[in-house]
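Just so we're on the same page: letters track the sequence lines, and every chain starts at 1.
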Amino acid sequence: MMQCARHSTKTFPVALAVFAISMASARGDSALPGYGRPGNALNPSGQIFDLPRDPNGLSQLDDVTRTPTGLLYPLPFLFPEMKQDPSDPDWWNAAWVEAGLIGTAGTSRSAQFSRYADWNSGPLIGNFGFLAENRKTALYVSGLAENAGRKDQFYQISVGRYGTFNVMAYFDSIPHTFSTSARSIWNGDSSAFHSLRDGLIPGQSTPAEVSAVAATVAPETLRVVREKAGVSLSYTPQKEWEMVLQLANEWRNGTQPISATFGYPFQNGATQIVQPVRYRTFDVTAAVRYKGDEMQANLTYTGSLFQNDIRALTWQNPGLTSIGGPVPLAGRLSLPPDNSYHSLKADLAWMISPRSRFSASFSYALMRQDDALLPPTVANGAIRGVSGLIDLAQWNTTAALSRLTAKAAIDNFNAFARYEYIASPSLTLQFELRDRSERNGTNYVAFNPQTNQYGYIALDGGLAAFAPSLSGVYESGAPGSVVQIRNIPFANDNLELSARASYRMDRHIKLDLSYVHNAIHHSAREVPDADDNRVRIQVSTNGYAWGTLRASYEFATLTGSDYASNPYTPYYSQALPGYIPRAGGDTPFALTDLRKFDVGNRTEHAFRVQANHVLSPHTDLQLTSDFKSDAYDARYGLRAATKFDLNAAFNYQMSLDTTMTGFFGFQAQNRGAASINPTGLGGDGSAGSADYPLANAWEQKLTSQDYSAGFNARHHWNAVTLTLNYTFIHSDSALSYRYATPGAFFNTLTPAEAGTAFPDIAYSAHLVEANLLWQFTERMSYRVLYRFDAQALHDFHYAGLAPVLSDNTYLGVVPENYAAHVFGAFVQYRF
Amino acid sequence: VRNRIGSNAIRKSIRIGLVVLAAAMSFSGLGVVPLTKTPGGSQDFLAAHAEAMRTTMEKVHRGKVDPATLQQIIARVEQIHAMPQLAAPPPDTSNWREAALAFSKASHAPDGGSASPAMAKPAEERTYVGQKTCEGCHQQEAGNWAHTIHAKVFLLNPRNNAEAQGCEACHGPGSAHVQNPSDLTTIVSFSSKSTNTPEQRNAQCLTCHQGGQRIFWHGSIHQDNDLSCSDCHNPMANFSARGLTARESINDTCFQCHKTQKAEFSKRSHMPLLEGKLACTDCHNPHGSATSPLLKADSVNELCTTCHAEKRGPFLFEHAPVRESCLNCHTPHGSNFEALLTTPRPLLCQQCHSQDGHPAQLMTRGNMATGPMPDPRLIATSCQTCHVNIHGSNSPSGPRFER
């Protein structure tokens, strides 16, 4: 029956492979979490390959076809035919392959160039796949491979029956390259213990020795590759019921840069080291869905089990120090612990009557983590305390812990309900409720039963040499011994109520007015309770011949209860009986006039406009603009943030053979913040006090501007199609600062040395891509690819970075600018 | 300070009320209106109306298509008679499809409940004419449609009588359209020429696609903005490798409107979306969700830790803004600063941290690696050079996230 379509035998086939490998897959489900799909940098859209376009377009009756919003639909692809199996006429099959060579030139070794892609020169099987289907039984089997054998490879095989079930297995790989120029002064980068290379002695090395060893080390690539294998099943036994099961196991293996320190800045040095990554995550999702005519319901279980094979990293300390004296010989860093997540969710939608609809969702989620805890330190010997020496032998085993495992637990409950009522043909009312409650059940006390002391060992003893009061151990007899002695169980609750009225003025124009009230409760935060109120008005049009306009304005205020600058006393040694404050009062925890932006008061205005204009029957023009302004009720801290963007896009379908698109974007962002450099004198945290003198006040302003532009052009001559793409982006972020006096930086620099701004963080990128496709025969085509990719990043954080700076060591991980060319030649064949 | 006891009582009451309501509704009826079949087919209709169709086709398309195409169209009308009859009979026009449309009709018909323009004629007066009839004029469309998953399901394994109608499964019974093709109120159409409201168009799609991953479509931001399914999907051709999207990929489809996000993904730090390894729908459900930004999880953090499970914890020592929302420090779509940060460090941290010691000291260009006083608080990863486990530490010595 399919043959009646114009291209039925010519067009039916490989296209079907496309949806056979995707449409029916549960993994493509827009409601279930998880990644893993065809596509790579060479083929971002995941198309089976660069197919020609259908010269007849979408319709013979209309030159162009537009979406209801008024945007032009693109031209459809022209698919090759599928073959009938001579041995069994019910089966039809197709297979295709695109293979060839790619080569790179220029600075193609750059980490940024291959950050998420594998551009290595050599043979490339870019695309290989097949589909076989039985047109009598609707059974099918399909397979797909992309970039086979490369770090960004993808494989998928599906078996199913159209409209009934699909079983699909896949494997996806995503590289993440951090650096190709790292030079580690440690051995064993892939292990849990990093020993210093020959020529360096733990705790006794000099900057010259470290530099010398670093100079002899070959550059190392730091890269983590995500590899994910999964199976999914979707089954629709009848229209009303659907069952989905997804299982996936993800491996993340490789190395990445990480840092850790042995002291305060300018005492014992910080070290940048290599973290071995051995992560595994097992995910399972199971859903049962009912899709009745008047009522629909989902029941979904989601589970995720994370496992890290290396949960602690021990590394030897080269021992660079600016203050002399003993330094720790090694440190131990905790790495992400194993954890688990389980969520059960029930969704419901009910058309109560033709005029009213109700929907709701309830979920309960458990997060658990019960890893074995590390001893407070890996160090030996003794460190200085205020009251005397601290014997680390009493702190370097798990006997120094109040308990052996973390027993960390957080539960979440979510409830959502929406009721929609059609009050009249032109007026619709909607009411919503959202409730999210979080319970943090983690309760850890830092108490050493061997010494009957609260606290821990800070930086494996590195801080104590410089400041005994910062050893981490609470010394009950020492005034002002402030130490955190237990975890802080942060949790947040939200109860949101909203109402919306939607008034359809006529067939084309709709007006929306909404109000949202969100009651927020923060546990153990500066603002326990806050109210977020939002009012929004929006107008949207539809069905006009000239296009579509949508515009909205939103006003929001966040006001909270009284701001407490230190709500954390219950979790510090100050809460212990017998605590002795420092004479004159303990050092203030924070500047009392500072407001943390995530909980502080805020006033917000937001405008959004989107216009689609049909310039001509073959031309679209789109304009979008957003503006958002946040003013924080704060003298210090983040004061204000604004964001503006303007975008224009152009689409011209000159003919079925020639199309062009272009776009331009501009974004601007401003943020302003202020603070005071504290002196540590006195016990008053207010601005202008001895501890926070106004002479030490400063403010910073961040101004960012981003420009992006690009175009795409395609032209078709007989059997040849040329496609050109160009994309450009330039970002410039200026961070400037002002200060009252050099006290803002403790007079460590002169005003001339300090200046008034950092060098701009500037990023520019150009991407040119040209594809020439020659349809040699119906089954064979040739493709030639040229790609020019260039990036230049200037970031003051990395300017002048050396293996040794003061008493700190670095791997040499810096932005790796590049200008690289990619050449490719491929043969495409449809079997 | 607010009275938390009262707030908690309200919460508890609301939760109990919702649970009770949900339970009540779950017992209120999950029945399905059974499908019934009616006799008849397209062949009789075609034979009776062939001459009228030829005349009408010529009238409608003359001057709008080239002469060769016009002759092709007219010729196809004559060929229709020779085509085989569709296997499945037309469905009962009072079946479940009409029930599903009722909500839309009630809400958006100008007179408050009468039929939509496309449904201007009572359903019982319209009949199915069969896919072959449609192909007589719309052969190009049919050829493109033949590639799609809809064609496979409808024609190889229809699950009900409606699907077996092919074109008319979505466009509605075509008899009135055949009689007056230039009047688009006689058919449900999905492009910009459509005379239907977005709700009417969407109701057609939802007759099969309601519930499941679209269970929260009604009331979602996309529905509020009068979007039609066919703004993002084009079921008439395979533009994309998946999802019958209106552009070549999910991302390109979203970028039709979300231009800012497209620009952001080109910035210095971004997730591998433009590199083809992620899609907008890995994080968002454009068909609606229980969260206002259409997230696929119940919160930002639960969504982010789907892929970044190592940061999920819970940890022995948590960082307050991290526990609250990843978006306090990160912007999800792209940033000019490393690691998708909203603000360069150390200013990012200094927005909140003013403790005695070193956090609130102003860093200047003199503290750069090239300056007279290089400072690890500014250089490279800045504050995270020392406070490395900033997303949470599981070390007993990690209250300050240094271990």
Colleague: In terms of heavy-atom proximity below 4.5 Å to chain B, should A/I729 be classed as side chain, backbone, both, or neither?
Modeller: side chain
Colleague: With only heavy atoms counted, which part of B/A309 is less than 4.5 Å from chain A, the side chain, the backbone, both or neither?
Modeller: both
Colleague: For B/K296 and B/Q213, does a side-chain donor sit closer than 3.5 Å to a side-chain acceptor?
Modeller: no
Colleague: What option among B/P314, B/S354, B/G366 has the most heavy-atom pairs under 4.5 Å with chain A?
Modeller: B/P314
Colleague: Pairing donors with acceptors under 3.5 angstrom, does anything connect the side chains of A/T442 and A/N487?
Modeller: no
Colleague: Heavy-atom cut-off 4.5 Å, strictly under: side chain, backbone, both or neither for B/F337 against chain A?
Modeller: side chain
Colleague: Give the member of A/D598, A/T164, A/L374 that has the highest number of heavy-atom pairs under 4.5 Å with chain B.
Modeller: A/D598
Colleague: Just so I understand: if I count every heavy-atom pair under 4.5 Å between each of B/P272, B/P198, B/P374 and chain A, which residue has the most?
Modeller: B/P272
Colleague: Compute the ring centroids of B/F216 and A/F416, then answer whether they are less than 6.0 Å apart.
Modeller: yes
Colleague: Answer yes if the side chains of B/T343 and A/R671 hold a donor-acceptor pair under 3.5 Å, and no otherwise.
Modeller: yes
Colleague: Between A/N298 and chain B, which part of the residue has a heavy atom less than 4.5 Å away: side chain, backbone, both or neither?
Modeller: both
Colleague: Relative to chain A, which of B/C307, B/A237, B/A263 shows the most heavy atom pairs under 4.5 Å?
Modeller: B/C307
Colleague: Given a strict heavy-atom distance threshold of 4.5 Å, which part of A/L702 is in contact with chain B: side chain, backbone, both, or neither?
Modeller: side chain
Colleague: State, without any angle test, whether B/N328 and B/E324 hold a side-chain donor-acceptor pair at a distance under 3.5 Å.
Modeller: yes
Colleague: Closest approach of A/N647 and A/G665, non-hydrogen atoms and distance?
Modeller: OD1-CA, 3.4 Å
Colleague: Before you tell me yes or no, could you show the steps for B/R377 and B/S382 under side-chain hydrogen bond (donor to acceptor under 3.5 Å, both in side chains), namely the whole-Å CA-CA distance, both residues' side-chain angles and the distance that decides it to 0.1 Å?
Modeller: CA-CA 4 Å; B/R377 288 172 290 179; B/S382 185; over 6 Å; no
Colleague: Less than 4.5 Å to any heavy atom of chain B: does that hold for the side chain of A/S704, its backbone, both, or neither?
Modeller: side chain
Colleague: If we define contacts as heavy-atom pairs under 4.5 Å, which of B/N234, B/D252, B/T381 has the most with chain A?
Modeller: B/N234
Colleague: Check whether A/L459 gets within reach of chain B through its side chain, its backbone, both or neither, counting any heavy atom under 4.5 Å.
Modeller: both
Colleague: Under 4.5 Å from any heavy atom of chain B, what part of A/L801 do you find: side chain, backbone, both or neither?
Modeller: both
Colleague: Considering only heavy atoms, which portion of B/R323 lies under 4.5 Å from any heavy atom of chain A: side chain, backbone, both, or neither?
Modeller: both
Colleague: Considering only heavy atoms, which portion of A/Y737 lies under 4.5 Å from any heavy atom of chain B: side chain, backbone, both, or neither?
Modeller: side chain
Colleague: Identify which part of A/Q430 has an atom lying under 4.5 Å from any heavy atom of chain B, answering side chain, backbone, both or neither.
Modeller: side chain
Colleague: Could you have a look at B/T370, B/V388, B/N336 and say which one has the most heavy-atom pairs with chain A under 4.5 angstrom?
Modeller: B/N336
Colleague: Is it the backbone or the side chain of B/S289 that comes under 4.5 Å from a heavy atom of chain A, or both, or neither?
Modeller: backbone
Colleague: Indicate yes or no: at least one non-hydrogen side-chain atom of A/H797 is less than 4.5 angstrom from one of B/I379.
Modeller: no
Colleague: How are the rings of A/F745 and A/Y739 set relative to one another: parallel (under 30°), tilted (30 to 60°) or perpendicular (over 60°)?
Modeller: perpendicular
Colleague: Let me know if A/N808 has heavy atoms under 4.5 Å from chain B in its side chain, its backbone, both or neither.
Modeller: side chain
Colleague: Pick one of side chain, backbone, both or neither for A/I410, based on which atoms fall under 4.5 Å of a heavy atom in chain B.
Modeller: both
Colleague: Output the option from A/A799, A/G755, A/G46, A/A446 having the highest count of non-hydrogen pairs under 4.5 Å with chain B.
Modeller: A/A799
Colleague: For B/S194, which atoms come within 4.5 Å of any heavy atom of chain A: side chain, backbone, both, or neither?
Modeller: backbone
Colleague: Could you tell me which portion of B/F239 (side chain, backbone, both or neither) has an atom closer than 4.5 angstrom to a non-hydrogen atom of chain A?
Modeller: both
Colleague: Does a donor on one side chain sit under 3.5 Å from an acceptor on the other, for A/Y341 and A/Q369?
Modeller: no
Colleague: Tell me yes or no: between the side chains of B/E141 and A/S59, is some donor less than 3.5 Å from an acceptor?
Modeller: yes
Colleague: Are side-chain N/O atoms of A/D347 and A/S361 paired as donor and acceptor at under 3.5 Å?
Modeller: yes
Colleague: Identify which part of B/E248 has an atom lying under 4.5 Å from any heavy atom of chain A, answering side chain, backbone, both or neither.
Modeller: both
Colleague: Using a cut-off of under 4.5 Å for heavy-atom pairs, which of A/S359, A/A117, A/A408, A/S708 has the most such pairs with chain B?
Modeller: A/A408
Colleague: With a 4.5 angstrom heavy-atom cut-off, could you sort out which part of A/T69 is near chain B: side chain, backbone, both or neither?
Modeller: both
Colleague: Okay, side chain of B/N157, backbone of A/G163: is any donor-acceptor separation there less than 3.5 Å?
Modeller: no
Colleague: Measure A/T65 against the heavy atoms of chain B and call it side chain, backbone, both or neither at under 4.5 Å.
Modeller: side chain
Colleague: Please rank A/A458, A/S363, A/S806 by heavy-atom pairs under 4.5 Å with chain B and give me the top one.
Modeller: A/S363
Colleague: I need the minimum non-hydrogen distance between A/F589 and B/Q355, along with the two atoms involved.
Modeller: O-CG, 2.9 Å
Colleague: Donor-acceptor check, side chain of A/E242 to backbone of A/R289, threshold 3.5 angstrom: yes or no?
Modeller: no
Colleague: Select one option (side chain, backbone, both, neither) describing which atoms of A/S259 are under 4.5 Å from chain B's heavy atoms.
Modeller: both
Colleague: Given the options A/G800, A/S45, A/P68, A/G637, which has more heavy-atom pairs under 4.5 Å with chain B than any of the others?
Modeller: A/P68
Colleague: Can you check side-chain hydrogen bond (donor to acceptor under 3.5 Å, both in side chains) on A/S540 and B/N225, steps first, answer last?
Modeller: CA-CA 6 Å; A/S540 58; B/N225 275 292; 5.2 Å; no
Colleague: The test is side-chain hydrogen bond (donor to acceptor under 3.5 Å, both in side chains); show your working for A/T624 and A/Q610 and say whether it passes.
Modeller: CA-CA 4 Å; A/T624 68; A/Q610 180 180 328; over 6 Å; no
Colleague: With heavy-atom distances below 4.5 Å as the criterion, would you say the side chains of B/R403 and B/N389 are in contact?
Modeller: no
Colleague: Let me know if B/L274 has heavy atoms under 4.5 Å from chain A in its side chain, its backbone, both or neither.
Modeller: backbone
Colleague: Quick one: do B/S228 and B/R201 satisfy side-chain hydrogen bond (donor to acceptor under 3.5 Å, both in side chains)? Show the steps, please.
Modeller: CA-CA 7 Å; B/S228 300; B/R201 287 189 288 265; 3.0 Å; yes
Colleague: Under 4.5 Å heavy-atom distance to chain B, tell me which part of A/Y279 shows up: side chain, backbone, both or neither.
Modeller: side chain
Colleague: I'd like to verify something: which residue of B/C386, B/A320, B/P376 has the highest number of heavy-atom pairs under 4.5 Å with chain A?
Modeller: B/A320
